[in-house]
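Order of listing sets the numbers, starting from 1, for every ligand and every atom in it.
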Amino acid sequence: MKTIMEPFRIKTTESMKIISKKERIKALEKARQNVFLLNAEDCAIDLLTDSGTGAMSTKQWAAIMLGDESYAGSKSWKRFEKTVQNITDIKHILPTHQGRAAEAILAQTLIKKGDVIPNNSHFDTTRANIEYVGGIAENLLCKEGLDTNNVSPFKGNMDIEQLKQCIENHGKDKIPFAMITVTNNTGGGQAVSMANIKEIKQVVSQYGIPLVIDCCRFAENAYFIHEREKGYSDMSLLEIAQEMFSYADAATMSCKKDGLANIGGFLICNDDTWAENFRNLLIIREGFPTYGGLAGRDLEAIAVGLMEALEFDYQRYRHATIQYLSNNLDEIGVPIVRPNGGHAVFLDAKKILPHIPALQYPGIGVVNALYIEGGVRAVELGSVMFGQFDENGTELASPLDLVRLALPRRVYTQSHFDYLVEVIKEVWNKKDQIPGYKITYQTKFLRHFTCHFEKISQ
Ligand SMILES: *Cc1c(COP(=O)(O)O)cnc(C)c1O
């Protein structure tokens with residue numbers, strides 16, 4: 001059979017309301033033309049993020065009832081620790097309430113002012129945590145990763161030459177650790193090869209620099225390695241993940257991604273001194289080290305979810321849904337970023353709306369049209385989100401204006417995708433009538449969440 005169907009049946013449903021186009025126009029006006037300010041229940045298909053928005057399995061819900069809520073040394077903690085150790089073979093496991101809490105502890109215990117942290121591409125919370133303690137977050141993405149038309153299989157890789165240069169320029173004493181983010185979320189959910197991780201580890205080891213993996217989508221990356229890298233097609237996803245972690249000295253995780261849970265994270269490491277320092281901060285910030293800001297039932301749900309994320313049939317289905325969406329968009333001719341990432345499809349708004357100048361935000365034009373036409377909520381990754389200004393305060397355009405359709409895990413069925421494709425087709429057909437926008441209110445940091453827009457009449 002060539003159809004790759006959902007490897008699950010539906011046992012519980014959550015009804016969704018589909019409001020009329022007239023009501024959507026009104027709702028968006030009330031939200032000042034910013035989809036972040038909409039009520040979630042006014043969105044039919046919500047593709048704002050894949051973080052914490054997934055559906056849990058019957059096994060996860062059953063595990064929740066087994067949650068041991070003892071303050072210290074609970075059974076749920078033991079199960080969580082054993083699972084994470086089975087996947088990573090890393091010694092010290094510290095649960096956190098989500099990924100950025102793990103990043104904050106890592107940054108605050110290890111980074112001094114002026115230190116440099118290389119990464120393929122820093123995720124925004126990682127960058128913020130590094131900069132908050134005075135560190136410098138350097139992106140060393142490979143050249144292919146910058147070209148939206150390049151179809152290389154591992155566009156998330158780090159550029160090894162740039163890494164060597166970075167270490168030579170700053171000196172190893174300024175680099176308390178290096179990072180690699182799998183998959184590369186900021187770079188479009190693109191895959192990182194095992195060869196790249198191995199080579200990074202070899203380079204940094206020569207200087208005695210430890211390697212930290214930002215492993216939020218480790219299972220999606222393991223699937224990419226299985227499919228695209230020579231020598232891995234006979235290995236299980238668990239074995240591939242185990243090899244990935246064998247090159248790591250530490251890792252940070254958001255279990256809202258490949259933990260298939262709605263909340264949670266962890267920080268893990270091999271070094272005993274690091275672990276002691278991490279634990280000291282964990283106790284102040286998150287909680288006792290055997291629950292770290294999570295309930296026992298959360299630890300249970302994550303322990304089950306981490307292993308489910310490594311099931312081959314699940315990953316094959318997840319990647320097939322993304323392929324299905326991108327194939328359909330190809331047929332219509334809508335420009336998208338290639339190749340497919342692991343958790344989202346990215347529309348190229350600059351190419352869809354060539355009549356809109358970058359500083360009239362083509363990404364917002366597409367995002368708002370998707371909402372008005374079909375109640376689909378997406379997010380702009382472009383001039384608004386990366387909002388940068390030169391020294392005179394003149395706003396700069398982002399090199400790329402993308403619209404991300406992030407896919408929650410195990411939530412939407414094929415008919416939801418068919419509906420989504422119809423909505424995108426409708427937007428594509430009306431693209432000449434889509435207006436640009438101007439910002440009428442904004443904050444200094446992370447303006448995209450709260451700013452107000454107004455349509456510019458053509
Ligand atoms: C989501 C994410 C984080 C932060 O995790 P939160 O759980 O949202 O705090 C860090 N790195 C990457 C790559 C992510 O995708």
Between H343 and R409: side-chain donor-acceptor atoms closer than 3.5 Å: no
Within-cut-off N or O pair, R100 and ligand 1, under 3.5 Å: yes
K350 NZ/CZ over Y361 ring centroid, <6.0 Å and within 45° of normal: no
Atom 6 (P) of ligand 1: nearest protein contact (heavy atom, Å): Q98 NE2, 3.2 Å
Polar contact flag, side-chain donor to acceptor under 3.5 angstrom, E286-H97: yes
Numbered atoms and elements of ligand 1 in range of T125, under 4.0 angstrom, heavy atoms: 3 (C), 4 (C), 10 (C)
Interfacing atoms of ligand 1 (cut-off 4.0 Å, heavy-atom, K256): 7 (O)
Nearest neighbour in protein (non-hydrogen) for atom 11 (N) of ligand 1: D214 OD2, 2.8 Å
Distance-only polar pair, side chains of D272 and H92, donor-acceptor under 3.5 Å: yes
Any donor-acceptor N or O pair under 3.5 Å, side chains E308, S57: yes
Candidate list Y232, F218, F312, test ring pair (Phe, Tyr, Trp, His ring centres under 6.0 Å), partner Y223, passing option: F312
Ligand 1 N/O within reach of F123 N/O, cut-off under 3.5 Å: no
contact_flag G265 ligand 1 heavy-atom lt 4.0 Å: no
No-hydrogen, no-angle side-chain donor-acceptor test under 3.5 Å, H170 and E138: yes
Closest protein heavy atom to atom 2 (C) of ligand 1, given as residue, atom name and distance to 0.1 Å: K257 NZ, 2.3 Å
Qualifying residue, where the test is salt bridge (charged side-chain N to carboxylate O under 4.0 Å, His left out) with D50 and the options are K256, R404, R217: R217
Check: S254 N/O within less than 3.5 Å of ligand 1 N/O: yes
Protein contact to atom 10 (C) of ligand 1 [nearest heavy atom, distance to 0.1 Å]: E103 OE2, 3.0 Å
Numbered atoms of ligand 1 (with element) below 4.0 Å of T181, judged on heavy atoms: 13 (C)
